[in-house]
Amino acid sequence: MPDQTPLKIAIVGAGLGGLVAALSLARNGHEVQLFERRPTFEPKGGGIMIRPVASHFLQQWGLKADMENISDISKATLYRDGGTGKVFVRRNNDVTFGDKPDWGCFREDAQKVFYDHALQHGVRFRFGATVTDVSEDDLTARVHLSTGEVVEVDLLLAADGILSRLRPKILPNAPSPALGYSTIYQIRLSEDDVLADPDARELANTPDLSVWMKRAGGGYAVVRCNKTVHRLSGAFGILERDDDPRLWDENGDIEYVRNYFKGYSKALTSFLQIAKRCDRWRLAEIPDLPQWISPKGRLVLLGDSSHAMLPDATQGFSTIVEDVGVLSHLLSKYQGRGVPSLTKIWQEVRIPRVNRIKDWAKSNHTMYTKGADAQLKAVEKDRTPPTQDISLDKVEPDMNASYRSPAFFKWAFGFDPIEDVERYIQKKDQARL
Ligand SMILES: Cc1cc2nc3c(=O)[nH]c(=O)nc-3n(C[C@H](O)[C@H](O)[C@H](O)COP(=O)(O)OP(=O)(O)OC[C@H]3O[C@@H](n4cnc5c(N)ncnc54)[C@H](O)[C@@H]3O)c2cc1C
């Protein structure tokens with residue numbers, strides 16, 4: 001690690017984004033305080049994928065063993081007819097690039113791992129601390145708490161989620177979240193409970209991830225069994241307009257979900273019968289923002305507050321880990337250039353990649369909800385073998401290639417964010433000479 005003065009950094013929000021930022025920055029020697037409005041640490045939530053670029057960073061930050069204790073790697077994705085359960089496309093899931101696994105785990109388990117590591121690295125957690133405002137001048141960022149307390153730091157990261165109240169303070173003209181037309185109902189079940197049901201058992205007997213779609217479109221479902229922790233996650237997507245202003249609710253209506261999926265395959269309906277409860281997650285995204293930082297560069301939007309996306313590329317959190325990896329790198333290696341110039345470089349490098357991934361997620365969402373027939377037509381039209389089944393050694397990564405192409409696949413999963421930012425800095429420095 002190059003010589004550096006520890007920076008004072010404030011993070012608002014102890015979600016997945018705030019936690020990984022805290023642990024990564026504290027690990028690099030910075031003084032990190034994290035402000036969370038909830039009174040205590042409350043890990044919660046359904047299944048989440050941690051994609052290869054993100055898993056690489058987590059390993060570098062010393063989390064390999066702990067992540068392996070909570071994750072597994074699914075061998076294949078099975079696209080299934082929602083009605084009959086018949087598999088119509090099977091894709092190998094081998095998207096491991098070198099030592100960068102494609103992990104599947106549960107959000108609550110990951111949060112615990114991140115929280116423990118953040119504590120070990122000396123992060124000061126302040127629960128029950130609601131941030132009402134932020135401000136900055138050339139040298140300082142300020143956190144304003146509901147109690148009237150003001151904390152001065154060198155850099156503030158607003159990781160306060162998709163409904164961020166700090167976003168309009170940092171970017172006065174920032175748009176509100178754009179609501180989608182789907183709601184995801186998430187379920188967790190124990191492997192034993194599913195194995196005990198003869199109709200649902202097949203879901204627990206395989207490490208494969210299954211995606212159900214109706215032939216003509218409509219509701220879809222994604223189920224996988226995490227064999228490491230012996231729990232299954234199910235995400236049930238329902239196309240609907242939902243006027244509830246809360247985007248997330250711990251108590252979804254399981255009876256409503258069962259009714260909606262009546263007539264779907266027996267394994268799926270039995271899975272829903274075993275479930276006693278679900279949570280409800282109304283899908284929304286933040287329209288592409290022109291910038292993620294304040295005018296003086298000391299207030300930064302991080303995570304869903306800047307780029308919440310649809311979940312259908314399973315990349316929302318993974319792109320946040322990439323963002324954090326690049327920011328940590330810049331603040332360590334180039335601290336002499338000053339915080340404002342580094343946050344500017346950071347957003348210039350990160351925004352184009354993240355916006356492309358957001359668009360990919362949207363395109364996947366359309367494909368899932370249009371149903372199996374549309375998916376089959378797309379596969380036939382492509383005529384290329386499934387990306388995971390061919391060697392990518394000679395493929396040139398290309399962010400502008402079609403989402404189903406090997407070139408895009410390699411760009412999405414084989415990307416090196418540090419190499420990317422280093423290339424950018426070199427180019428900028430050369431242009432200045
Ligand atoms: C159904 C679904 C499935 C998904 N699956 C995947 C996946 O497989 N892979 C993937 O990479 N991503 C996935 N994502 C995306 C991922 O979950 C999010 O990108 C990520 O959780 C966002 O984390 P965050 O920390 O930015 O925000 P949040 O998790 O929303 O955290 C915000 C925190 O800020 C706190 N807070 C808010 N306001 C204040 C305030 N004023 N003062 C103090 N604290 C405050 C809140 O209490 C909260 O704890 C999925 C998303 C959905 C909806």
Side-chain angles (χ1 to χ4, degrees), residues 10-22 33-55 58 71 74 102-108 110-111 114-115 125-134 143-147 156-167 169 177 180 182-187 209 221-222 224 233-238 247-248 252 278-286 292 301-324 354 357-358 361 364-365 412:
I11 298 175
V12 183
L16 287 169
L19 289 171
V20 285
Q33 280 194 72
L34 193 150
F35 301 87
E36 167 58 51
R37 67 182 169 193
R38 292 194 184 121
T40 51
F41 177 59
E42 292 172 25
K44 281 196 179 115
I48 191 163
M49 302 277 298
I50 299 184
R51 314 316 302 264
V53 183
S55 73
L58 297 183
S71 308
S74 59
D102 197 28
W103 280 322
C105 61
F106 283 84
R107 207 175 283 266
E108 59 183 322
Q111 277 173 352
F114 302 156
Y115 179 62
F125 281 91
R126 295 190 54 182
F127 289 102
T130 300
V131 176
T132 51
D133 201 359
V134 289
V143 186
H144 301 255
L145 294 157
S146 60
T147 52
L156 177 139
L157 308 180
D160 55 341
I162 186 169
L163 296 176
S164 168
R165 73 194 277 181
L166 302 182
R167 186 170 46 237
K169 316 247 180 207
S182 305
T183 307
I184 301 283
Y185 294 84
Q186 294 193 116
I187 289 168
L209 181 142
V222 182
R224 68 177 287 169
S233 61
F236 290 76
I238 294 184
L247 294 184
W248 191 76
C278 61
D279 58 42
R280 166 195 153 278
W281 207 325
R282 174 78 198 277
L283 296 191
E285 62 163 9
I286 298 295
W292 297 346
L301 291 171
L302 182 85
D304 274 12
S305 65
S306 59
H307 59 68
M309 62 183 75
L310 297 182
D312 304 83
T314 56
Q315 285 276 3
F317 171 59
S318 298
T319 51
I320 301 172
V321 176
E322 294 182 22
D323 296 341
V324 169
V354 170
I357 289 176
K358 278 172 75 186
N364 280 351
H365 185 71

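As the structure lists them, so they are numbered: ligands from 1, and atoms in each ligand from 1. Both backbone and side-chain heavy atoms feed into the values below; hydrogens, waters and symmetry mates do not. All of these numbers come straight from a predicted model, not from anything done at the bench.
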From His365 atom NE2 to Met309 atom CE, the distance as rounded to the nearest 0.5 Å: 14.5 Å

Could you label the plane-to-plane angle of the Phe125 and Tyr115 rings as parallel, tilted or perpendicular, counting under 30° as parallel and over 60° as perpendicular? perpendicular

Which parts of the protein, at residue level, reach under 4.0 Å of ligand 1 through a heavy atom? Val12, Gly13, Ala14, Gly15, Leu16, Gly17, Gly18, Phe35, Glu36, Arg37, Arg38, Ile48, Met49, Arg107, Ala129, Thr130, Val131, Ala159, Asp160, Gly161, Arg165, Ile184, Gln186, Trp281, Gly303, Asp304, Pro311, Thr314, Gln315, Gly316, Phe317, Ser318, Ile320

Is there side-chain contact between Val131 and Arg37, with heavy atoms separated by less than 4.5 Å? no

Find out whether Asp102 and Ser55 are in side-chain contact, i.e. whether some heavy atom of one side chain is under 4.5 Å from a heavy atom of the other. no

Do Val20 and Leu58 make a side-chain contact, defined as non-hydrogen atoms from C-beta onward lying under 4.5 Å apart? yes

Could you list all the salt bridge (charged side-chain N to carboxylate O under 4.0 Å, His left out) pairs where at least one residue sits in residues 156-166, not counting sequence neighbours? none

